[in-house]
Amino acid sequence: MPTLLIVHHTPSPNCQAMFEAVVDGATAPEIENVEVVRRAALAATASDVLRADGYLLGTPANLGYMSGALKHFFDQIYYPCLDSTRGRPFGVFVHGGSDVTGALRGIESVTTGLGWRRAVDTVTVTGAPDKRALERCWELGATVAAGLME
């Protein structure tokens with residue numbers, strides 16, 4: 001059974017709401033035969049990444065960059081996973097108070113280096129996520145999970 005790994009750092013209610021919508025989409029009843037594994041960014045390991053077939057990454061934009069927790073995750077998994085995970089699909093959701101550009105640039109640099117394939121457009125939200133933003137998060141989770149169905 002394919003596995004979708006959701007790696008997240010959700011320290012605020014806004015990030016948590018986005019994360020929950022992503023999980024709801026990834027685990028929708030229409031998604032069959034895909035195991036969804038959730039890991040906090042500080043707890044996710046290279047073994048988690050190697051066992052997964054696709055990834056969803058969530059982070060706040062802190063001081064113009066991805067969270068330190070997500071950066072730590074990437075630092076821990078980069079070399080152990082570099083050759084074995086090329087071509088795997090991923091999606092991203094980012095929350096910021098005003099600007100998410102630096103966070104996106106950092107994530108893009110690392111995922112390009114890993115050779116991961118963007119499966120769906122990134123969901124970015126500044127301020128409190130409204131109904132449409134949460135729907136986009138749901139779609140993000142559902143799209144990446146559906147792409148892994150056998």
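Heavy-atom basis, side chains included; hydrogens, waters and symmetry copies ignored.
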Between [X] and [Y], is there a donor-acceptor pair closer than 3.5 Å when you use the side chain of the first and the backbone of the second?
X    : Y    : value
R88  : V49  : yes
N62  : Y65  : no
R136 : V125 : no
Y78  : V110 : no

Please lay out, stage by stage, how L104 and T124 fare under the test side-chain contact (heavy atoms from CB on, under 4.5 Å).
-> CA-CA 9 Å; L104 295 174; T124 62; 3.7 Å; yes
Approximate separation, where rounding is to 0.5 Å, of [X] [atom1] and [Y] [atom2]:
X   : Y    : atom1 : atom2 : result
D53 : T85  : CG    : OG1   : 11.0 Å
L42 : S67  : CG    : OG    : 7.5 Å
F19 : T59  : CZ    : OG1   : 13.0 Å
L57 : T111 : CG    : OG1   : 7.5 Å

State plainly whether one hydrophobic cluster holds both [X] and [Y], where clusters connect Ile, Leu, Val, Met, Phe, Trp and Tyr through side-chain heavy atoms under 4.5 angstrom apart.
X    : Y    : result
F73  : V37  : yes
L148 : V120 : yes
I31  : V123 : yes
F93  : V100 : no
L5   : L82  : yes

Search all heavy atoms of [X] against all heavy atoms of [Y] and return the closest pair with its distance.
X    : Y   : result
I6   : A26 : CD1-CB, 4.4 Å
M149 : E30 : SD-O, 3.7 Å
A69  : H9  : CB-ND1, 3.4 Å
V94  : P60 : CG1-C, 4.4 Å
A44  : R39 : CB-CB, 3.8 Å

For residues [X] and [Y], determine if any side-chain heavy atom of one lies less than 4.5 Å from a side-chain heavy atom of the other.
X    : Y    : answer
P129 : C137 : no
L56  : L4   : yes
L114 : T112 : no
F74  : M66  : yes
T3   : R51  : no
T126 : S98  : no
V144 : R118 : no

For T10, which of E20, Q16, H95 qualifies under side-chain hydrogen bond (donor to acceptor under 3.5 Å, both in side chains)?
->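 Of E20, Q16, H95, side-chain hydrogen bond (donor to acceptor under 3.5 Å, both in side chains) with T10 is met by Q16 alone.
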Going by distance alone, is a donor N or O of one side chain under 3.5 Å from an acceptor N or O of the other, for D99 and T101?
->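 The answer is yes; a qualifying pair exists.
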Could you label the plane-to-plane angle of the F90 and W116 rings as parallel, tilted or perpendicular, counting under 30° as parallel and over 60° as perpendicular?
->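 F90 vs W116 ring planes: tilted.
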Where do T27 and R38 land on the side-chain contact (heavy atoms from CB on, under 4.5 Å) test, with the steps shown first?
-> CA-CA 11 Å; T27 59; R38 301 162 207 131; 4.0 Å; yes
For R132 and E135, run salt bridge (Lys or Arg N to Asp or Glu O under 4.0 Å): C-alpha distance rounded to whole Å, both residues' side-chain angles, the deciding distance at 0.1 Å, then the answer.
-> CA-CA 5 Å; R132 180 64 191 127; E135 288 171 354; 3.5 Å; yes
